[in-house]
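Down below is the structure, laid out as structure tokens.
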There are 2 protein chains.
Amino acid sequence: MFVESGMRKHALLYGLIAGVLIAVLKAIEYRWLVIEYSVEIYGSLVASVFAGLGIWLGLRLTRHKQRVVVREVRVSVPVDFVRDQVKQESLGITPRELEILELIAAGLSNKGIAARLHVSENTVKTHSSRVFDKLGARRRTQAVQLGRELRLIP
Amino acid sequence: MFVESGMRKHALLYGLIAGVLIAVLKAIEYRWLVIEYSVEIYGSLVASVFAGLGIWLGLRLTRHKQRVVVREVRVSVPVDFVRDQVKQESLGITPRELEILELIAAGLSNKGIAARLHVSENTVKTHSSRVFDKLGARRRTQAVQLGRELRLIP
DNA sequence: TGCAAAATCATCCTTTCGAGTGACGCGCTC
DNA sequence: GAGCGCGTCACTCGAAAGGATGATTTTGCA
């Protein structure tokens with residue numbers, strides 16, 4: 001809308017100036033002609049004036065054309081964790097085992113995990129042993145590291 | 001250089017076309033004039049032709065002078081780790097202790113760390129005990145978790 | 001309803017950790 | 001040169017963790 005009205009305004013202005021110029025030229029043509037200036041000079045004058053106007057209009061038409069360049073800016077933003085459920089299932093890790101792994105990663109002891117989940121410590125040890133086996137880990141710290149690498153825990 | 005020569009070529013071309021047109025107009029002017037076309041028609045013709053040429057030249061001149069608008073797009077990228085050395089010093093954690101903490105986080109056993117660093121396992125235990133104490137951790141998994149939270153390790 | 005997977009608990013045994021304590025050498029500073 | 005921070009090593013003891021194995025209960029699904 002704005003661009004259209006702007007262009008229309010330019011066109012109107014251009015036509016107006018052209019008309020006025022033609023009128024002026026017509027008004028003074030006799031005077032110039034009678035003092036023996038040839039028509040080619042007259043033509044050159046008109047040509048140069050309108051060429052200038054055309055150039056001006058052309059510049060005006062493209063002045064606001066902008067080229068948008070999209071630049072990727074690397075910005076440090078915490079990556080929101082998405083669990084790799086495919087890998088979880090391919091390893092055969094059960095939800096409960098993953099739950100124990102998360103609590104291990106949180107730094108809890110087996111006893112603490114047992115208390116948190118209201119199960120016996122033996123149960124926690126069973127789950128952790130199983131998840132260690134499935135991850136190929138021998139220590140809980142190693143299990144945490146592998147779980148992170150495999151995107152099973154944040 | 002390229003832009004300059006391009007503009008010069010345009011100017012030359014424009015001048016050439018203008019000259020030819022003027023010559024043509026001059027050559028046919030008598031024929032037109034004798035059949036009683038007024039000079040204002042002639043002027044209008046020249047005006048419109050050169051206005052068109054001007055517009056074309058104007059467009060040509062600014063074709064490659066587009067304003068570049070840079071739109072920055074935020075891209076999520078894994079956060080590159082920066083160690084909080086202030087916190088490290090405020091906790092009085094030595095470089096060696098931090099080194100042991102990193103290896104603990106990597107999932108190594110004390111024996112493995114000792115082998116990696118060519119020191120005795122007792123030394124590793126001493127360092128780890130100290131860093132646990134400074135972090136307020138009771139287990140190595142907890143130390144890893146706290147170390148991460150405090151931005152001491154990745 | 002019946003089976004398979006998952007979850008639960010246990011027992012025995014070994015390894016690893018963690019706490020506590022003490023000590024030695026080295027380099028730096030006051 | 002005394003003091004201090006740091007890194008090193010040793011020893012003991014108890015707690016925690018891990019491996020192996022077996023068993024029972026719960027649960028989801030065919």
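So you know, we letter chains A, B, ... as the sequences are listed, proteins then strands, and number each from 1. Keep in mind that what you see is a predicted model, and the values were worked out from it rather than measured.
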Rounded interatomic separation in angstrom, taking [atom1] from [X] and [atom2] from [N]:
{"X": "A:Lys134", "N": "C:dA5", "atom1": "NZ", "atom2": "P", "answer": "11 Å"}
{"X": "B:Ile100", "N": "D:dC9", "atom1": "CD1", "atom2": "P", "answer": "11 Å"}
{"X": "B:Gln142", "N": "D:dA17", "atom1": "CD", "atom2": "P", "answer": "11 Å"}
{"X": "B:Ile93", "N": "D:dG7", "atom1": "CD1", "atom2": "P", "answer": "12 Å"}
{"X": "A:Leu98", "N": "C:dA6", "atom1": "CG", "atom2": "P", "answer": "13 Å"}
{"X": "A:Arg130", "N": "C:dT8", "atom1": "CZ", "atom2": "C1'", "answer": "9 Å"}
{"X": "B:Arg138", "N": "D:dA16", "atom1": "CZ", "atom2": "P", "answer": "9 Å"}
{"X": "B:His118", "N": "D:dC9", "atom1": "NE2", "atom2": "P", "answer": "12 Å"}

So, is [X] near the phosphate of [N], with a side-chain N or O under 4.0 Å from OP1 or OP2?
{"X": "B:Arg139", "N": "C:dC17", "answer": "no"}
{"X": "A:Ser120", "N": "C:dA10", "answer": "yes"}
{"X": "A:Asn110", "N": "D:dA16", "answer": "no"}
{"X": "B:His127", "N": "D:dG7", "answer": "no"}
{"X": "A:Arg96", "N": "C:dA6", "answer": "no"}
{"X": "A:Thr123", "N": "C:dC9", "answer": "yes"}

From [options], nucleotide with atom closest to [X] side chain:
{"X": "A:Thr94", "options": "D:dG7, C:dA10, C:dA7", "result": "C:dA7"}
{"X": "B:Phe132", "options": "C:dT8, C:dG18, D:dA16", "result": "C:dG18"}
{"X": "A:Lys111", "options": "D:dA16, C:dC9, D:dG18", "result": "D:dA16"}
{"X": "A:Lys125", "options": "C:dA19, C:dA10, D:dG18", "result": "D:dG18"}
{"X": "B:Asn122", "options": "D:dC11, D:dG7, C:dC9", "result": "D:dC11"}

Donor-acceptor under 3.5 Å (A:Ser90 side chain, A:Lys87 main chain):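 Such a contact is found between A:Ser90 side chain and A:Lys87 backbone.
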
Test side chain to side chain contact (heavy atoms under 4.5 Å, CB included) applied to A:Arg151 and A:Asp84, A:Val86, A:Val82, the passing residue: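 Only match with A:Arg151 under side chain to side chain contact (heavy atoms under 4.5 Å, CB included): A:Asp84.
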
Cluster link B:Leu146 to A:Ile113, ILVMFWY, side chain under 4.5 Å: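 Shared cluster, no.
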
5' priority, DNA chain D, between A:Leu108 and B:Thr126 [closest heavy atom]: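 Residue closer to the 5' terminus by nearest nucleotide: B:Thr126.
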
Test item: side-chain donor near acceptor, B:Glu149 and B:Gln145, under 3.5 Å: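 Yes - a donor-acceptor pair under 3.5 Å links their side chains.
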
CA sep, side-chain torsions, deciding dist, call: A:Thr123, A:Ser120, side-chain hydrogen bond (donor to acceptor under 3.5 Å, both in side chains): CA-CA 5 Å; A:Thr123 302; A:Ser120 82; 3.1 Å; yes

